[in-house]
Amino acid sequence: MATNTASQAPTSTWSYVGGSATEAPVHENPEWEKARQALASISKSQSSTKTSPANRTSSQAGQYPTAVTDTSAMQQQQYYQWYQQNQQQYASYAYPYNYYYPMPPYAAGYPPSQYGVPGAYQPPTTPTGQPPAMAMMDEQSSYTSEPQPPPPAVPQPPPQSPTSSDQPPPPPPPPIPPLPNAQYPPPPSQTPYNPNGALPYSPTETSPMRGYNHGQPRLAYQGYQPPSYQQQAVGQGLYGAAGRGDANKKPNNTNMNKGQQLWNRMKQAPGTGAVKFNIPKRPYVLANQNFTTGEQTTSAATTIATPVSSVTTATTAGASQTGPQDWPQAMKEYVQRCFTACETEEDKDRTEKVLKEILQSRLQDGSAFTIDWTREPLPEVKPRQSRWEVVPQRSQENTIGRGGASRGRAGARLGNYRNVFSQRSPSSSSSRSSSRSPSPHNRHRDRSRHRRSDSGSQSDSSMSSDLRPLSRRQQRAGRGRGEDRDRGRGAAGERGRGRGGKANRGRRNMDDLGSGVGKKRKGGNAGMDFHDPNREAKKQSRAARFHTNKRTEPLVLNINAVELPNGTQEGLSWEDCPIVGTCQDITKNYLRLTCAPDPATVRPVPVLRKSLTAVKAHWKSNQDYQYACEQMKSVRQDLTVQGVRTDFTVEVYETHARIALEKGDHEEFNQCQTQLKALYKDCPSSNIGEFTAYRLLYYIFTKNSGDLTTELVYLTPELREDECVSHALALRAAWALGNFHRFFQLYKCAPRMAAYLIDKFVERERKLALRAILKTFRPSVPVEYVQSSLAFPCLDTCVAFLTGLGVTFAPSDPSKIDCKASSACLTSS
Amino acid sequence: MAHITINQYLQQVLEAIDTRDGVFCAELLSFKHPHVANPRLQLSSPEDKCQQVLEPPYDEMVAAHLRCTYAVANHDFVEAYKCQTVVVQYPSLGGTFQAHKEENWHCWRLFPMAVSCGQAEQQLLKKGKGKVGDMLEKAAEQLMSCFRVCASDNRAGIDDSKKWGMLFLVNQLFKIYFKINKLHLCKPLIRAIDSSNLKDDYSMAQRVTYKYYVGRKAMFDSDFKLAEDYLSFSFQHSHRSCQRNKRLILIYLLPVKMLLGHMPTNQLLRKYDLLQFADVTKAVSEGNLLLLNEALTKHETFFIRCGIFLILEKLKIITYRNLFKKVYHLLKTHQLPLDAFLVALKMMQVEEVDIDEVQCILANLIYMGHIKGYISHQHQKLVVSKQNPFPPLSSVS
């Protein structure tokens, strides 16, 4: 069977798949990705390990082999996300698909009325065709071709789903999930699942359900297209898993319990409000379930999942101690609430960002476990504007169009719905869910049937027949298999994160693309409104308009949340996650850290001491600044990474500062000085005067009188006594008064390495002094005088300096400068 | 007012909010209002009450404010600061402040809150708590976010634009930045105000404050002319009852003026209790280098704390000039032997001075235009102009 399906699907789809595949990467948002990775990398190991167990707990529920479920779930998510990305492409392709496969679904353009009809509605528990799985059929091929990882997962091709929905749900759940086609398998497995899943899995573990659905399709997929599949798996490897796992956990909402389907739908309809007016709520809800395309549900789920997952991952990353599974239930619910309140994608993105910060800080200071999350105010995310900005676009799309500005929003919402159908999943909040459950299954199945018949491959038909009879148990078994496979693919690592980002991106793009695509669905879409995910939020805002709402939950002044500045507010500081290096290399090249440091490459302090001596010796003998600088930087880095702030650290910085000073390396010198200033507060060194003097001199160099004043304020009398400091102060006084004679006297007797610093601006001061001299003396001034007062080491250098400035010497006596003639040249320079 | 109950107070707040009476609302949330001293309002947990009467987020703000008064009464300034931060946070975090796009009455409310935020910090400062700078920076961040909201309010009409709040916030930020010595952060703020079309329409009080800070900054940047302009403006327009403010302005205006050749009268110094300057002034106008050094040393801490020590130091140049002028008047010739100056300097107990340094000092004076003339190195003489060899300071530089 597998072979059959494989052959058929690939052949038909491949051709255009290629084109779409290339596009996919473009949609990705690099910075987003990067940021997430960076965060993720910090707690990579933790999150990856943690997530899987977390998933297990729920998923296990007895039915599934724990390990399997985890991986599969995770992968599934990946796929979703991936799918979303691809969806954009698909949107445009949707129609073509229909043509290729003369299937009833899309082309037929089922009348909206069908959906609307209450009779059509099937109770959630009954397995309705699962849209997602079905949808995938067409697309799968395309996915595989794409370089991106999660191809098989994409079970839901949105366009087709409608057709499936039309048909009454096949009574028996599809028996054989994985085996048949990659495409078809998902529905069967899901159907059995969902019923169970919705209730039993309930709040905490919606994810597992999803995971299964998706996972299965993948299996099938593998079957027929092993090579491509593998590729993808590898590609996914890094980001997918962790994120997904997290996502799964989060969703646990109380809401989920009630009815995940509802939940999903609600999320989907971001701007739905307007639509509501047209249609009575109740019926539609029901209707929706029937006709919702796989896309819808899946997309909704995915979109929801992605933000949450990314949040989770990020937070976990930040507060490495806790994985999402450790999160207090209340907090999870809080997260869910936040996403529920989102009206649009933008909102969600913003919410995600804010949530990340909040959760991270909460987890870090441990208040996550102590505060009352139910009272926690939802983050204020949305800028009002965004809504309006978005609206016009969508409203245009909307053919239904109720004109008028006020209507605009409604239009937008409709647009969204449409989009949903056309595979772009606009909003949707976070349920990940089991919700996809029943109705989708039916559809799925139906669809699969149709397809098969269309394609005419026998294997398909046989499969479909098989599917129905399969009992839940069987399905589970199939699932189990699929999971195993998924696992086999391995790389459970941190896929989730990567995916999340992409998914978001994809979503957005899809919004754009989607507008063109799906006119037909409009009618059907209208029903969707009911589930406006933001109903609550809207209600609130509406209420707020009349200023009638008092706080419902007891007000708690969150004063302690306002951390004192010297506290841990910085989020991640090196002291918070101390690592101790194990590297024994004396020398190490400096590499700017782009991710969390690996203890294996970090040297502990004893080794660093050796390193310092080695570098010093090398410097003395070779004077190789490049080498010394690099080595010093790597030493500094290792110290920083390990949070070492001791006398040794001071010594390292002092050493480097001196070396840098000697070679005139401004940047490094300043970095060291900055660090030293901070370090001296904790570990005063005997060289504090020296470096304070250098700082004073540096301020003279930069003519920063403001900082100079500040520095003076903090000079203690003892410090003023210091040889270096007093010298620097005297020099400063001379400099401030333009007393070049004294200035250069002091320059000649500069202590320690001060002369190196003064060298930086000695030329400048010489010019100034020379200008004064030339203006003052008449008719001439001997070069010797200039040489001595400007502290030139010898007459020749002085003459060279003078001639370099174009000074005119007295014609009668070359040892004298003709001041009048020369003054012009200096003023111009 | 000082003895109202909590309920009365809350009703007043509610009323103020309902009627959009920003000024009154501001008073009710300020720390200069008598209600702060009202023990009946100093509750350790005012949340419940506030919640019953007010809507979010006002309830939280008021609750935080009340708890802040409680904390202050208990001299727990850290706690007070935290509470106050919550209060100030609100407008900045976008809740109410951003929501009311078309209104600027919130601006009024902001003012006292920011001020009291600063006050809480000052009190902290007095208590010698460590890390106050950090606290201030944090506060600056809060204010900065408020400022951004104000500055970016391009939509509302000029009358109710939140831009009217800009200058106030800028001044508060200046205050903090000067305190934590981050003058470079002022630049963007100055630019923002300079480019504002409301620049000259803000209230005089705000403008005086603004000019005071900008003048100070100009002085530190050695732009004395500009500093004189700004500081003079603020001194002249400062309200006559604000003696303390005038004194503050004078602390910076005096050195600038002296550098530009305008010496303050003793009467003025006495009036504003700035007699630290008396000796300096006297020394400079007499060319008494010795006295100047003594005066500077004597009041060094005061001058350094005010940040004007370096500026006053520059007065030495003027003192040299005046000293040398005396030498010139004594010798009554246009060709002055350098030795004469050396003697004069030695009389002033300048250490380790030699003929080269005399030449150097003279060279500087000539270069800067304080003396008209030239030095003949060959003859070791200063030859001064026959007309006006020591031009008046105000005409120089």
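In what follows, chains carry the letters A, B, and so on, assigned in the order in which the sequence lines appear, proteins first and then strands, with residues in each chain numbered from 1.
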Novice: Between atom CG of A:Leu737 and atom CD1 of B:Ile361, what is the distance when rounded to the nearest 0.5 Å?
Specialist: 8.5 Å
Novice: Pick from B:Asp354, B:Asp221, B:Val353: which one has the most heavy-atom pairs with chain A under 4.5 Å?
Specialist: B:Asp354
Novice: CG/B:Asn364 to NZ/A:Lys775 distance, rounded to the nearest 0.5 angstrom?
Specialist: 11.0 Å
Novice: When rounded to the nearest 0.5 angstrom, what is the spacing between CD1 in A:Ile773 and OH in B:Tyr367?
Specialist: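 Here the rounded value is 11.5 Å.
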Novice: Which bit of A:Arg778 is near chain B, if near means a heavy-atom gap under 4.5 Å: side chain, backbone, both or neither?
Specialist: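 For A:Arg778, backbone and side chain are both near chain B.
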Novice: Angle class for the B:His377/A:Phe777 ring planes (parallel below 30°, perpendicular above 60°, tilted otherwise)?
Specialist: perpendicular
Novice: Inspect the surroundings of CD in A:Glu784 and state if more than 12 heavy atoms from other residues, nucleotides or ligands are less than 6.0 Å away.
Specialist: no
Novice: Can you tell me if A:Lys748 has over 12 outside heavy atoms packed within less than 6.0 Å of its NZ?
Specialist: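 Correct, the count exceeds 12.
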Novice: Please classify the contact of A:Ala733 with chain B as side chain, backbone, both or neither, using a heavy-atom distance under 4.5 Å.
Specialist: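 Looking at A:Ala733, backbone and side chain both touch chain B.
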Novice: Do A:Arg742 and B:Glu357 come close enough that some side-chain heavy atom pair is under 4.5 Å?
Specialist: yes
Novice: So, taking the atom named CD in B:Gln378 and the one named NZ in A:Lys816, what distance separates them when rounded to the nearest 0.5 Å?
Specialist: 4.5 Å
Novice: Would B:Leu310 and A:Arg732 satisfy side-chain contact (heavy atoms from CB on, under 4.5 Å), going step by step from the backbone distance to the final call?
Specialist: CA-CA 10 Å; B:Leu310 294 187; A:Arg732 185 211 58 77; 3.1 Å; yes
Novice: Is there side-chain contact between A:Asn739 and B:Cys360, with at least one heavy-atom pair below 4.5 Å?
Specialist: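 They are in side-chain contact.
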Novice: Would you compute the distance between atom CD1 of B:Ile366 and atom OG1 of A:Thr776 and round it to the nearest 0.5 angstrom?
Specialist: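 Reported to 0.5 Å precision, the distance equals 4.5 Å.
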Novice: State, to 0.1 Å, how close A:Ala736 and B:Glu313 come at their nearest heavy-atom pair, and which atoms those are.
Specialist: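 Result for this residue pair: CB-OE1, 4.0 Å.
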Novice: Would you say the side chain of A:Tyr785 lies within less than 4.5 Å of the side chain of B:Asp356, judging by non-hydrogen atoms?
Specialist: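 Side-chain contact under 4.5 Å: yes.
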Novice: Output the distance between atom OG1 (A:Thr709) and atom CZ (B:Phe309), rounded to the nearest 0.5 Å.
Specialist: 10.5 Å
Novice: Would you find more than 12 non-hydrogen atoms of other residues, nucleotides or ligands less than 6.0 Å from A:Phe744 atom CZ?
Specialist: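 Above 12, so yes.
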Novice: Is B:Ile304 close to chain A through its backbone or its side chain, or both, or neither, when contacts mean heavy atoms under 4.5 Å?
Specialist: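 Both the backbone and the side chain of B:Ile304 come within 4.5 Å of chain A.
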Novice: Which one wins on heavy-atom pair count under 4.5 Å against chain A: B:Arg305, B:Gln359, B:Lys217?
Specialist: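 Most heavy-atom pairs under 4.5 Å with chain A: B:Gln359.
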